[in-house]
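What follows is one structure encoded as structure tokens, with my remarks underneath.
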There are 2 protein chains.
Amino acid sequence: MTNPNPLPAPTLRDVAEAAGVHTATASRALNPKTRRQISAETARRVMRAAEALGYQPNSFARGLKTSRSSTVGLVIPDLTNPLFPPIVRGVESVLESDGYNVWIVNTDNDDNRERAKIESLRSRQVEGLIVATARLEHPLLQQLHEQGVTMVLINRQVENLRIPAVTGDDATGVAAAVRHLADLGHTRIAHLSGPLSTSTGHVRFQAFRHAVRDHGLPDDLIVECAHWSEADGATAMRDLMSRTTGCTAVVAGNDLIALGCYDVFAERGLSCPRDISVIGFNDMPFLDKLRPPLTTVAVPHHELGAEAARMLLDCIDEPDRPARSLLLPVSLVVRDSTAPPRR
Amino acid sequence: MTNPNPLPAPTLRDVAEAAGVHTATASRALNPKTRRQISAETARRVMRAAEALGYQPNSFARGLKTSRSSTVGLVIPDLTNPLFPPIVRGVESVLESDGYNVWIVNTDNDDNRERAKIESLRSRQVEGLIVATARLEHPLLQQLHEQGVTMVLINRQVENLRIPAVTGDDATGVAAAVRHLADLGHTRIAHLSGPLSTSTGHVRFQAFRHAVRDHGLPDDLIVECAHWSEADGATAMRDLMSRTTGCTAVVAGNDLIALGCYDVFAERGLSCPRDISVIGFNDMPFLDKLRPPLTTVAVPHHELGAEAARMLLDCIDEPDRPARSLLLPVSLVVRDSTAPPRR
DNA sequence: TTGTATGCGTTATCAG
DNA sequence: CTGATAACGCATACAA
């Protein structure tokens with residue numbers, strides 16, 4: 001059954017010989033863009049031969065010759081964060097219909113891994129990068145930008161750099177979350193922010209402070225999480241509860257941080273939303289099936305990815321295009337983790 | 001700030017000139033495996049020049065010359081299924097420490113996409129494939145296998161083909177699930193199977209039938225889901241409820257199908273586990289936070305990925321190695337979606 | 001319409 | 001230890 005001695009893959013030369021033409025002719029026949037230069041009959045013969053041999057063009061040779069890779073790199077901090085797979089899909093849906101392939105790399109939130117992966121991507125001649133790992137201060141991205149690497153940021157931005165970016169309208173989302181809680185009657189609302197080293201953490205933090213002030217509420221019930229994770233959300237929540245009292249609602253930096261709050265509620269026998277309300281951010285999958293279903297701010301993940309991909313294509317086609325920033329609208333999704341405060 | 005005219009990437013030639021040596025010497029100096037052929041002094045000079053220029057070897061040229069890509073393809077049906085990201089991480093953790101890069105592709109459960117993506121991977125000279133999309137009948141995989149493509153299956157297998165595979169011990173897992181329900185006193189236990197065209201669907205289906213028979217229970221309360229999805233799980237559950245009565249417990253083919261059951265319970269005002277118990281399969285993330293927390297069979301995702309990667313490395317190193325099948329142990333995780341039947 | 005010749009950037013073989 | 005040279009497979013400018 002199994003072929004124990006796999007033959008070397010057929011080359012263009014093999015195809016040409018089988019079709020009785022020269023490699024140049026075979027090359028033209030196989031490439032849709034040059035096929036019309038040769039007779040239909042010859043083209044058919046070549047294509048048949050290629051089919052019969054199971055010919056696959058060697059993309060190393062092609063890439064070396066054309067210095068094009070038809071490949072784009074997608075840099076993700078952590079694929080196990082449910083936020084990212086839909087973004088990946090959005091990116092792929094656009095890029096693939098345009099003939100590009102997407103190479104996904106996971107940095108695991110580690111600078112060294114990020115550097116290594118991006119180097120690897122560059123050595124593979126990717127034609128552009130979509131980067132979801134930006135921090136406000138990001139020497140590596142700054143360096144790449146200065147080197148003229150074609151790049152679009154997604155979800156997060158770098159400070160003071162004119163790099164094209166697609167993000168959600170976080171400020172509006174946070175304002176909507178705070179308004180929802182204020183309307184329910186909450187007066188002591190806390191924020192468990194994401195890392196302030198990221199633009200999303202920073203923007204949501206600022207938006208939170210502005211929003212609570214606008215409602216005449218205290219703006220100092222804030223704890224920063226070390227990472228965008230459930231564990232760090234729980235740590236921050238414990239911290240908050242040990243240092244303040246009477247807080248009846250929490251705006252979490254994202255859904256994972258909100259899940260960390262759930263863990264602490266379970267530990268301490270608190271009932272959500274009866275004892276305390278929580279709002280997440282992102283609307284990652286399955287939140288509607290949580291106990292309780294989590295109120296959150298929905299970000300259009302797929303669109304985020306798709307728009308970033310479109311923007312990258314634009315940048316590839318038109319390298320001198322000025323950088324734009326696209327802000328996609330978000331929406332509050334009210335579920336059962338928010339209710340009026342107990343009185 | 002931004003470089004408007006990005007220079008062409010420096011080549012080995014540029015490095016060699018800067019260091020005042022021949023390209024061959026530069027090549028040897030930069031490659032750790034040949035560096036000892038070169039005087040320490042020259043090597044240092046070359047490495048410094050490379051560093052200064054920001055030299056990145058062109059992997060097309062290298063791949064063309066060496067016909068090695070240091071790349072492995074990972075074929076995933078659907079990255080948004082939370083089962084897969086941990087598997088990806090497991091694969092990466094092993095392969096990367098061995099100097100390989102992993103190219104992840106998403107087939108979206110579509111044959112044509114799968115074929116196109118795998119063709120693309122092969123044209124990029126991947127040294128092996130880890131495939132998570134197998135069906136029992138799978139002409140494409142069979143063809144690849146016959147062509148001698150180095151390949152390891154993960155999670156699912158192909159029928160009658162000796163392809164190396166790493167999977168969870170599904171049969172034991174299903175038996176444990178049924179035993180748990182029987183011990184609770186359930187006598188009418190249903191199974192919402194995954195697609196029987198997949199080995200996982202088939203094996204779990206068979207194991208379910210054997211298990212209920214072993215307990216002297218009816219073995220005909222079975223509905224097959226069209227896909228491993230929440231929506232198809234819900235459809236199957238509605239189907240089951242319309243055609244049978246008195247069933248007090250469900251063994252779902254996987255966690256997503258179990259989530260579909262939750263949707264139907266919500267529709268019909270059924271309380272889980274009071275009115276009906278459910279068990280999932282896989283123990284995907286966040287199940288402990290569901291309403292109710294889902295009892296399930298935990299599969300070691302990360303290990304699955306890591307073991308498949310190790311097996312692939314073995315296959316690459318030793319092509320004539322006979323195919324083995326590795327069955328990783330699973331364990332029942334009892335949460336709150338299972339309880340004694342109402343009486 | 002087809003064939004010829006060349007070179008992409010790298011590594012391997014062979015001399016020196 | 002280092003340099004010269006060839007070759008990997010393909011696409012393209014040029015010639016016919």
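Residue numbering restarts at 1 for every chain, and letters A, B, ... go by the order of the sequence lines.
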From [atom1] of [X] over to [atom2] of [N], roughly how many Å is that when rounded to an integer?
X: B/Phe60; N: D/dA11; atom1: CZ; atom2: C1'; answer: 14 Å
X: A/Leu30; N: D/dA11; atom1: CG; atom2: C1'; answer: 12 Å
X: B/Asn58; N: D/dC8; atom1: CG; atom2: P; answer: 18 Å
X: A/Lys33; N: D/dT12; atom1: NZ; atom2: P; answer: 10 Å
X: A/Arg13; N: D/dC8; atom1: CZ; atom2: P; answer: 8 Å
X: A/Arg28; N: D/dA11; atom1: CZ; atom2: P; answer: 11 Å

Could you check whether [X] pairs with [Y] (Lys NZ or Arg NE/NH1/NH2 to Asp/Glu carboxylate O, under 4.0 Å)?
X: B/Glu307; Y: B/Arg310; result: yes
X: A/Lys117; Y: A/Asp108; result: no
X: A/Glu41; Y: A/Arg44; result: yes

**Item:** Pairwise 5' ranking along DNA chain C for A/Ala43 and A/Thr23, keeping only the more 5' one
**Value:**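 By nearest-heavy-atom nucleotide position, the 5'-most residue is A/Ala43.
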Nearest nucleotide by nearest heavy atom, which residue falls closer to the 5' end of DNA chain C, A/Ala40 or B/His22?
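Its nearest nucleotide being more 5', the pick is A/Ala40.
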Check your understanding: Is there side-chain contact between B/Leu144 and B/Gln147, with heavy atoms separated by less than 4.5 Å?
Key ->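 Yes. Closest side-chain heavy atoms under 4.5 Å.
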Self-check item: Close side-chain approach of A/Ile118 to A/Val149, heavy-atom, < 4.5 Å
Solution: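 Not in contact.
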Practice item. Respond yes when some side-chain nitrogen or oxygen of A/Ser27 is under 4.0 Å from OP1 or OP2 of D/dA11, and no when none is. Key: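 So the side chain of A/Ser27 is within the cut-off, an N or O lying under 4.0 Å from OP1 or OP2 of D/dA11.
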Span of DNA chain C, from the first to the last nucleotide whose atoms fall under 4.0 Å of chain A heavy atoms: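 That gives a stretch of C/dT1 to C/dG9.
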- prompt: With respect to the side chain of B/Leu64, which nucleotide from D/dA6, D/dG9, D/dC10 is positioned closest?
  reply: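 For the B/Leu64 side chain, the nearest candidate turns out to be D/dG9.
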Could you work out which one of D/dC10, D/dT5, D/dA13 sits closest to the side chain of A/Arg62?
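Taking heavy atoms from C-beta onward, the closest nucleotide is D/dC10.
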Would you mind classifying the nucleic acid contact of [X] as base, sugar-phosphate or nothing, using non-hydrogen atoms under 4.0 angstrom?
X: B/Thr11; answer: sugar-phosphate
X: A/Thr42; answer: sugar-phosphate
X: A/Leu12; answer: sugar-phosphate

Exercise. More 5' along DNA chain D: A/Ser59 or B/Thr25, using each one's nearest nucleotide?
Worked result: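 With A/Ser59 and B/Thr25 compared, the 5'-side residue is B/Thr25.
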Nearest-nucleotide comparison on DNA chain D, the residue closer to the 5′ end among A/Gln56 and B/Gln37: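 By nearest-heavy-atom nucleotide position, the 5'-most residue is B/Gln37.
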(request) For B/Gly54 and B/Pro10, work out which heavy atoms get closest and say how close. (result)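 Result for this residue pair: O-CG, 4.0 Å.
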Margin query: Checking side-chain contact (heavy atoms from CB on, under 4.5 Å) between A/Pro164 and each of A/Ser325, A/Cys315, A/Pro322, which is the one that passes?
Written below: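 Of all the options given, the one that passes is A/Cys315.
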